[in-house]
Chemist: 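Could you have a look at this structure, given as structure tokens, before my questions?
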Amino acid sequence: MDFAPYQSSPPEHGRVMSPPQADGATASPRTSYDARRSYSPQYQQRPSQFSPPPLQHPQPQRAWSGDGIRSPVAQGMGDYFNSLGAREGMISEFDTTLGLRLDYEACLAYLAFPPVGSILLLIFERKSDYVRFHAWQSSLLFTGMFVLHLMFSWSSFLGWVIFLTDMVLIGWLVLNAYRDADTLDRYELPFVGQLASRFLDDE
């Protein structure tokens, strides 16, 4: 009989030992977690077959320059405005101060009671050299014709001859001014046309 003090558990030598486990056997019913499995290439997640395709159109790239960044859109806009600036010199040759068509205004230099109408064109028209040339030519020509009317006013026959000459000259000059407006060619009368071109070049 054992008279030792009360113990909560029997001594170690009194416990029943469990039998040793066999090699390679697993006592727990749960499978162990292999930490290496997630890092193995065969267990990596494969890309989904429903993933969106790559972009079909390349994105605009920025071009670096010494002055900064310039995108292709800005470059295209710059080329567009440069082309407009190059055309400005050509378009300005067909512009008029009065806002009328170039050919109509050039014809008015001979139709608007010359030389009064042509002198008014010289005063108000400051843009178009084509119109100003015909205004100068009309002013010089019909000022001389008006002097002839005054000199031969005593003869009705000579007065009618000078008047018919005026009509022929007006019709011929109007036709040439209207026809040459597309090419800006100047139809010059002998002496009077050369003098008008000289006055225009000296302005």
Chemist: Restricting to pairs with a member in residues 107-116, which pass salt bridge (Lys or Arg N to Asp or Glu O under 4.0 Å), not counting sequence neighbours?
Modeler: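 Salt bridge (Lys or Arg N to Asp or Glu O under 4.0 Å) check on residues 107-116 returns no pairs.
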Chemist: If you round to the nearest 0.5 Å, how far is CG of Leu184 from OG of Ser128?
Modeler: 7.5 Å
Chemist: Evaluate the criterion side chain to side chain contact (heavy atoms under 4.5 Å, CB included) for residue pair Ser138 and Leu173; output intermediate values, then yes/no.
Modeler: CA-CA 9 Å; Ser138 177; Leu173 292 173; over 6 Å; no
Chemist: Do Leu122 and Ile170 sit in the same hydrophobic cluster, where Ile, Leu, Val, Met, Phe, Trp and Tyr count as joined when their side-chain heavy atoms come under 4.5 Å apart?
Modeler: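 Result: yes, single cluster for both.
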Chemist: Can you list the steps and then say if Gln137 with Tyr110 is a side chain to side chain donor-acceptor pair (under 3.5 Å)?
Modeler: CA-CA 9 Å; Gln137 183 167 251; Tyr110 304 104; 2.9 Å; yes
Chemist: Sequence neighbours left out, what passes side chain to side chain donor-acceptor pair (under 3.5 Å) with Thr143? Give chain and number order.
Modeler: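 If we apply the side chain to side chain donor-acceptor pair (under 3.5 Å) test to Thr143, skipping adjacent residues, there are no hits.
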Chemist: Quick one: list whatever passes salt bridge (charged side-chain N to carboxylate O under 4.0 Å, His left out) with Arg101, sequence neighbours left out.
Modeler: Asp103
Chemist: For the CZ atom on Phe146, are there more than 12 heavy atoms of other groups (residues, nucleotides or ligands in this structure) within a distance under 6.0 Å?
Modeler: no
Chemist: Could you walk me through whether Thr97 and Val131 satisfy the side chain to side chain contact (heavy atoms under 4.5 Å, CB included) test, starting with their C-alpha distance in whole Å, then the side-chain angles of each, then the deciding distance to 0.1 Å, before giving a yes or no?
Modeler: CA-CA 10 Å; Thr97 305; Val131 175; over 6 Å; no
Chemist: Side-chain heavy atoms under 4.5 angstrom apart, residues restricted to Ile, Leu, Val, Met, Phe, Trp, Tyr: same cluster for Val192 and Val147?
Modeler: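 Yes, because Val192 and Val147 connect within a single hydrophobic cluster, where side-chain heavy atoms sit under 4.5 Å apart.
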Chemist: Test question: given the 4.5 Å side-chain rule for I, L, V, M, F, W and Y, name all other residues clustered with Phe113, or answer none.
Modeler: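 So far as hydrophobic clustering goes, Phe113 is joined with none.
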Chemist: Is there a path of hydrophobic side-chain contacts, each under 4.5 Å between heavy atoms of I/L/V/M/F/W/Y residues, joining Phe133 to Leu169?
Modeler: no
Chemist: What distance do Cys107 atom SG and Leu102 atom CG have between them, rounded to the nearest 0.5 Å?
Modeler: 9.5 Å
Chemist: Can you check whether Phe152's main-chain N or O pairs, donor with acceptor, with Ser155's side chain at less than 3.5 Å?
Modeler: no
Chemist: If the condition is salt bridge (charged side-chain N to carboxylate O under 4.0 Å, His left out), which residues does Arg186 pass it with, not counting sequence neighbours?
Modeler: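 Testing Arg186 for salt bridge (charged side-chain N to carboxylate O under 4.0 Å, His left out), a comparison that skips the adjacent residues, returns none.
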Chemist: Hydrophobic clusters join Ile, Leu, Val, Met, Phe, Trp and Tyr when side-chain heavy atoms are under 4.5 Å apart, directly or via other members; which others share one with Tyr178?
Modeler: Tyr104
Chemist: Taking side-chain contact (heavy atoms from CB on, under 4.5 Å) as the definition, give me every residue that meets it alongside Arg179, ordered by chain and number, with sequence neighbours left out.
Modeler: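 For Arg179, the residues satisfying side-chain contact (heavy atoms from CB on, under 4.5 Å) (neighbours in sequence not counted) are Asn176.
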Chemist: With sequence neighbours excluded, tell me which residues meet side chain to side chain donor-acceptor pair (under 3.5 Å) with Thr183.
Modeler: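 With neighbours one apart ignored, the set is Asp185.
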Chemist: Not counting sequence neighbours, which residues clear ring-ring contact (aromatic ring centres under 6.0 Å, His included) with Phe199? List them please.
Modeler: Trp136
Chemist: Honestly curious: do Phe142 and Met151 fall in one hydrophobic cluster under the side-chain, below-4.5 Å linking rule?
Modeler: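 Yes, Phe142 connects to Met151 through the hydrophobic network.
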Chemist: If a pair satisfies salt bridge (Lys or Arg N to Asp or Glu O under 4.0 Å) and one of its residues is in residues 188-203, list it, with sequence neighbours excluded.
Modeler: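 Pairs touching residues 188-203 that pass the test: Arg132-Glu203.
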Chemist: Under a single-linkage definition using a 4.5 Å side-chain heavy-atom cutoff for Ile, Leu, Val, Met, Phe, Trp and Tyr, are Val174 and Leu140 assigned to the same hydrophobic cluster?
Modeler: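 Same cluster: Val174 reaches Leu140 through Ile, Leu, Val, Met, Phe, Trp or Tyr contacts under 4.5 Å.
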Chemist: Listed by chain and number, what are the salt bridge (charged side-chain N to carboxylate O under 4.0 Å, His left out) partners of Asp166, not counting sequence neighbours?
Modeler: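 Salt bridge (charged side-chain N to carboxylate O under 4.0 Å, His left out) list for Asp166, sorted by chain: empty.
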Chemist: Please identify each residue that fulfils ring-ring contact (aromatic ring centres under 6.0 Å, His included) with Trp154, with sequence neighbours left out.
Modeler: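 Checked Trp154 against ring-ring contact (aromatic ring centres under 6.0 Å, His included); zero matches.
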Chemist: Looking at CG of Leu108 and NE2 of His134, how far apart are the two atoms once the value is rounded to the nearest 0.5 Å?
Modeler: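 Between Leu108 CG and His134 NE2, I get 12.0 Å after rounding to 0.5 Å.
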